[in-house]
2 protein chains.
Amino acid sequence: MNKDSIYKNIRAQGGRITKVRGEIVQILCKADCLMPQADILACLKKQKMNPNRSTIFRELLFLTKNNILIKNNISGVDCYEIQQDHHHHLVCLNCNSIIKIEVGGHLAKQEKQIAKRNKFDIINHSLEFYGYCRNCQA
Amino acid sequence: MNKDSIYKNIRAQGGRITKVRGEIVQILCKADCLMPQADILACLKKQKMNPNRSTIFRELLFLTKNNILIKNNISGVDCYEIQQDHHHHLVCLNCNSIIKIEVGGHLAKQEKQIAKRNKFDIINHSLEFYGYCRNCQA
DNA sequence: ATATTTGCAAACGTTTTGCATAGTG
DNA sequence: CACTATGCAAAACGTTTGCAAATAT
């Protein structure tokens with residue numbers, strides 16, 4: 001997903017491309033993985049920007065409501081990433097880094113069966129593997 | 001898992017069977033599914049008990065450290081259940097009810113592959129399906 | 001008697017809201 | 001101009017800790 005198509009998408013929905021919003025989109029496009037709000041703020045500061053937490057919160061809410069971002073709570077902290085292909089994550093229990101992975105297609109089939117069997121209307125799912133990343137295996 | 005074997009387990013590790021602790025174990029045995037601390041407190045109140053939040057917090061911490069409970073954060077809230085067979089959950093986006101489900105064994109195989117491919121030491125995983133339960137499909 | 005468990009009060013981190021101001025189209 | 005986006009302050013919420021009192025073995 002590139003930022004220009006996202007900007008277009010935002011404008012189409014009546015949103016404006018402001019400095020903060022544009023930068024958040026770019027940061028998440030570049031990161032290409034789940035990030036907590038605190039990390040996003042840290043990146044903004046590197047770009048010499050220092051928006052209020054509530055602003056970032058509302059930006060992330062806005063972008064999530066407009067289906068540009070996906071929100072996923074990891075161990076109690078809300079994390080966000082660009083909405084695109086569905087995938088899963090490896091979460092390091094030591095350094096909290098999050099790595100994006102692809103998991104084979106069995107899950108989609110199983111999801112249908114589970115929905116039917118339990119008469120449950122499944123909207124989405126989250127699958128995270130917790131453990132220790134390459135750097136933290138000591 | 002029955003409460004008596006759990007009590008034995010607790011005593012074996014030097015823990016005492018107090019009113020609050022005993023009741024929490026019984027509540028979770030009976031519920032047989034993930035419950036947030038707030039719901040556990042509500043159940044305790046029905047039993048005419050009204051322990052402090054910090055007490056429940058420390059009980060859940062104690063029971064989790066002693067491998068009697070499993071802790072799982074669902075949408076930002078810590079939830080607990082009796083440690084037994086590994087399974088997954090359906091989470092209702094409307095009423096927040098949590099339903100326990102069994103998912104076929106493909107995941108175990110995939111987990112090994114993922115660990116190897118990413119040189120990631122996987123300790124556990126969590127798989128939750130979000131959607132609408134039977135009562136909330138309106 | 002001693003170590004464990006509990007209550008109370010308060011800190012903490014993150015998420016969320018209200019209102020006034022600034023900025024965008 | 002009208003509406004959107006932002007900053008500030010503070011509330012809300014769940015989690016966590018310190019210390020003193022109560023309780024289980």
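Hydrogens, waters and symmetry mates play no part in the numbers below; they use all other heavy atoms, side chains included.
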Heavy-atom closest pair, residues A/P51 and A/L41: O-CD1, 3.9 Å

Polar contact flag, side-chain donor to acceptor under 3.5 angstrom, B/H125-B/Q110: no

I'd like a list of close polar pairs between nucleotides 21-25 of chain C and the protein, N/O only, cut-off under 3.5 Å.
from   : atom 1 : to    : atom 2 : distance (Å)
C/dG23 : N2     : A/R16 : NH1    : 2.7
C/dT24 : O2     : A/R16 : NH1    : 2.9
C/dT24 : O2     : A/R16 : NH2    : 3.3

Atom pair distance, as rounded to whole Å: CG in B/L63 and P in C/dT6: 10 Å

Spacing of B/M35 atom CE and B/L69 atom CG [to the nearest 0.5 Å]: 11.5 Å

Polar side-chain atom of B/E128 near backbone of B/H89 as donor-acceptor pair, under 3.5 Å: no

Check: B/E23 side chain, B/L44 main-chain N or O, donor-acceptor pair, under 3.5 Å: no

Residues touching DNA chain D, which here means a heavy atom under 4.0 Å, drawn from residues 30-62 of chain B: B/S54, B/F57, B/R58

Protein-nucleotide distance (A/N96, atom CG; C/dG13, atom C1'), rounded to Å: 14 Å

Nearest to side-chain heavy atoms of B/V77, which nucleotide of D/dT6, C/dT15, D/dG14: D/dG14

Closest contact, heavy atoms only, A/Y130 versus A/S75: CE2-OG, 3.7 Å

Side chain A/N66, main chain A/I68, donor-acceptor under 3.5 Å: no

Interatomic distance where CD1 belongs to B/I10 and P belongs to D/dA24 [whole Å]: 15 Å

For the student: nearest non-hydrogen atoms of A/I98 and A/C33, plus distance: O-SG, 3.4 Å

